Number of protein chains: 2
Amino acid sequence: MANKKRTTLKDIASELNISPAAVSKAMHNDSRISEKTKKEVKRVAKKLNYQPNHLASALRKGKSNLVGVIVPRTNSNFFSSVLENMEAVLNKAGYNIIITQSNESFEKECKNIDTLLYTQVDGIIASMANETVDLSHYEKIKSNGIPLILFDRGENDLNVDYVGINDYDSSHIIVEHLVEKGCKRIAHIGGYRRTRIFNNRIRGYVDALKKNNLPIDDTLIVESSLTLEDGRLEMEKLLQLKNRPDAVYAASDNAALGALQVLNENQIKVPNAIRLVGFGNEPFTSLVSPSITSVDQHSKDIGRIAAETFLNHVSKDDIKQSLNKIILDAELIVRDSSK
Amino acid sequence: MANKKRTTLKDIASELNISPAAVSKAMHNDSRISEKTKKEVKRVAKKLNYQPNHLASALRKGKSNLVGVIVPRTNSNFFSSVLENMEAVLNKAGYNIIITQSNESFEKECKNIDTLLYTQVDGIIASMANETVDLSHYEKIKSNGIPLILFDRGENDLNVDYVGINDYDSSHIIVEHLVEKGCKRIAHIGGYRRTRIFNNRIRGYVDALKKNNLPIDDTLIVESSLTLEDGRLEMEKLLQLKNRPDAVYAASDNAALGALQVLNENQIKVPNAIRLVGFGNEPFTSLVSPSITSVDQHSKDIGRIAAETFLNHVSKDDIKQSLNKIILDAELIVRDSSK
DNA sequence: TATATTTGCTTAATCGATTAAGCAAATATA
DNA sequence: TATATTTGCTTAATCGATTAAGCAAATATA
């Protein structure tokens with residue numbers, strides 16, 4: 001019962017007294033094999049519970065039909081949704097995906113890339129860890145000659161395909177919205193500038209203030225890892241200011257939630273005293289009280305487009321591909337925290 | 001630059017005028033290879049940017065050093081945390097993990113198993129989808145002779161290793177807690193009985209009521225998929241009852257959150273009018289208002305133990321293994337919703 | 001000094017599936 | 001009827017890495 005040897009093409013071949021080559025072709029419905037033989041082969045394959053050995057065929061064909069995916073973490077709705085839609089598109093095209101998590105760690109990200117290359121994936125779709133600054137491990141993917149597609153967390157310096165939303169414009173939309181509600185001192189709990197998307201959000205925020213003739217106050221702009229804890233910490237600091245903000249725009253929903261907790265604990269009315277906007281449209285933003293205004297990042301589209309970009313690459317590898325930078329417009333979802 | 005051929009052992013061998021076999025041994029620090037040769041080999045390997053071809057070595061060795069993992073979804077903190085800890089243990093032992101999601105779909109789960117077997121994983125660690133009743137696809141793993149370890153969502157009928165918490169006892173702890181607070185009509189928004197863990201929670205709930213001499217009222221026991229929507233729906237139904245419950249025990253945090261929303265919307269004071277307990281200790285339980293009492297499932301331990309169970313299997317495959325059913329005690333985290 | 005052992009490699013087979021090349025028999029075409 | 005084409009396979013090589021078996025040279029032991 002246990003550990004019985006796997007059935008191979010050879011076993012089927014010897015049972016039917018034909019060559020393994022014929023069996024292989026029969027399984028792939030080669031037109032040069034008679035219908036009768038195909039039927040027989042499939043019957044015996046089923047009888048012997050034949051499972052093709054992927055390692056062997058991938059080795060021979062030089063193609064594994066696997067796509068590696070690297071995400072910072074899977075436990076956000078954004079990444080989970082991206083993965084789901086990415087997988088759906090790739091499955092339909094005959095590819096399977098291998099998901100790995102970097103846990104926002106640079107070291108882990110490097111190891112994940114090694115693992116994926118080592119597993120001979122046909123391509124890698126990745127979103128960079130917060131820690132990542134050095135990009136040599138990504139260069140390694142490119143020098144391996146397999147497609148690399150980045151999404152959400154990308155890098156301009158890296159000459160690769162990218163799918164994401166327009167972070168710069170998103171900040172504009174947020175600031176415009178808050179200004180419309182009468183806010184004059186808008187604080188920004190941002191991510192680290194070294195990450196492109198967070199830098200863009202900061203730039204968008206600053207430019208939008210300028211555009212609305214509002215002064216830029218450096219004490220209202222902070223950089224952090226954007227965790228819930230960071231949100232709490234920075235909100236507490238902002239409340240210490242002599243001249244408090246009348247609105248807070250956090251570059252992540254987690255940070256926004258942390259800020260909201262502190263505001264609630266201090267009995268500061270949201271949105272009346274301070275308006276609050278997050279980023280990412282995580283499900284909990286609509287669950288907390290008051291519900292948090294946020295920006296939807298079109299996770300489904302990002303997953304789908306990233307997958308399609310990969311498929312595009314492998315379908316016409318002969319032609320030198322032009323780079324695809326696909327920037328989607330984000331959507332502001334207005335909720336109670338800024339009404 | 002692009003699509004240059006991969007470096008193989010042969011390339012290194014011909015550069016140094018030795019055999020590929022010697023190169024292979026040198027890379028693995030075989031004691032029968034001179035230090036001088038090893039150094040040379042490693043120098044050239046680095047120079048040519050050699051990456052071993054996993055497909056080839058796995059095919060030859062009959063071992064891929066990959067472990068397949070199937071989870072219903074990655075976007076809960078529970079599964080995400082299990083994965084993180086599982087991966088840490090397996091990485092240390094030289095294994096890499098391939099994560100797949102079933103999205104709670106039976107069909108997807110079957111496809112995932114096929115993919116993993118096809119990829120020649122050395123073992124599979126899985127948590128079953130809600131929909132799953134037929135277990136023949138799991139039998140397929142067993143008949144392939146590779147270890148199968150289930151966690152959280154397991155099945156008694158399947159003769160495999162299992163790691164999870166004591167669902168039956170957890171219900172007892174919850175009911176005792178609510179009784180202590182003076183509750184007499186405790187409703188249970190449960191999962192479907194066909195899933196073992198949910199069945200155990202229902203049994204535990206019923207037995208605990210009996211133990212406390214409380215009547216069993218069938219109108220207070222409902223089965224659902226335990227989503228947030230289900231929680232809302234069932235809570236609304238419970239509020240229609242002539243004889244309303246004074247406590248609700250939901251078998252998932254999402255369902256508990258749905259129930260809480262309905263209670264808040266109806267201005268029913270929690271915990272004063274109705275006490276509420278969830279299950280899973282998802283982070284949002286402490287974030288909503290009021291915060292929700294819940295049961296912690298020791299996700300870290302479950303991930304670690306599942307991984308260790310797998311390693312145990314592969315380390316002594318000669319001996320017929322005895323089954324491991326590891327049941328951890330869960331922990332009640334009391335919060336505002338039941339104080 | 002003669003034999004035994006160790007060192008440091010090479011040779012050749014292997015893991016399974018795939019595919020280019022080839023060939024005999026069957027069938028189609030002129 | 002003679003030749004060309006098609007059908008339905010087989011043979012043999014291949015994808016890279018690994019490993020059992022073997023062998024010559026170097027070294028150790030009696």
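Below, chain A is the first sequence line, B the second, and so on; all start at residue 1. All of these numbers come straight from a predicted model, not from anything done at the bench. These values consider heavy atoms only, across backbone and side chains, with no hydrogens, waters or symmetry-generated copies.
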Pairing pattern in dot-bracket form [Watson-Crick, G-U; both distances under 3.5 Å; | = partner strand] for DNA chain D:
||||||||||||||||||||||||||||||
In sequence, state the C-alpha distance, the side-chain angles, and the governing distance for B:Arg153 and B:Glu104, and then conclude on salt bridge (Lys or Arg N to Asp or Glu O under 4.0 Å).
CA-CA 11 Å; B:Arg153 310 250 200 97; B:Glu104 302 284 11; 2.9 Å; yes
Rounded to the nearest Å, what distance is computed from the [atom1] atom of residue [X] to the [atom2] atom of nucleotide [N]?
{"X": "A:Asn53", "N": "C:dG16", "atom1": "CG", "atom2": "C1'", "value": "6 Å"}
{"X": "B:Lys63", "N": "C:dC15", "atom1": "NZ", "atom2": "C1'", "value": "16 Å"}
{"X": "B:Leu9", "N": "D:dG16", "atom1": "CG", "atom2": "P", "value": "10 Å"}

With B:Lys140 via salt bridge (Lys or Arg N to Asp or Glu O under 4.0 Å) - residues at least two apart:
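Result, salt bridge (Lys or Arg N to Asp or Glu O under 4.0 Å) vs B:Lys140: B:Asp114.
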Kindly write out the residues that satisfy salt bridge (Lys or Arg N to Asp or Glu O under 4.0 Å) with A:Glu15, not counting sequence neighbours, or none if the list is empty.
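Expected list: A:Lys47.
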Any side-chain donor-acceptor pair under 3.5 Å between B:Thr115 and A:Asn96?
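Per modelled atom types, B:Thr115 and A:Asn96 side chains form a pair under 3.5 Å.
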B:Ser105 versus B:Asn103, side-chain donor and acceptor atoms under 3.5 Å
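Not at all, the side chains of B:Asn103 and B:Ser105 share no donor-acceptor pair under 3.5 Å.
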Under 3.5 Å, which N/O atoms of the protein pair with N/O atoms of nucleotides 8-12 of chain C?
residue	atom	partner	partner atom	Å
C:dG8	N7	B:Arg32	NE	3.3
C:dG8	N7	B:Arg32	NH2	3.3
C:dG8	O6	B:Arg32	NH2	2.9
C:dC9	OP1	B:Thr37	OG1	3.0
C:dC9	OP2	B:Ser34	N	2.9
C:dC9	OP2	B:Ser34	OG	2.6
C:dC9	OP2	B:Thr37	OG1	2.7
C:dT10	OP1	B:Ser19	N	3.2
C:dT10	OP2	B:Ser19	N	2.7
C:dT10	OP2	B:Ser19	OG	2.5
C:dT10	O4	B:Lys25	NZ	2.8

Taking everything shown except A:Glu139 itself, do over 12 heavy atoms lie less than 6.0 Å from its CD?
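Buried by this count: over 12 neighbours within 6.0 Å.
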Could you check which residues of residues 111-124 of chain B get a heavy atom under 4.0 Å from DNA chain C? Sort them by number, please.
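Those residues whose heavy atoms fall under 4.0 Å from DNA chain C, taken from residues 111-124 of chain B, amount to none.
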Using side-chain contact (heavy atoms from CB on, under 4.5 Å) as the criterion, list what pairs up with A:Asp11, not counting sequence neighbours.
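Once residues adjacent in sequence are excluded, the partners of A:Asp11 under the side-chain contact (heavy atoms from CB on, under 4.5 Å) criterion are A:Thr7, A:Thr8, A:Leu48.
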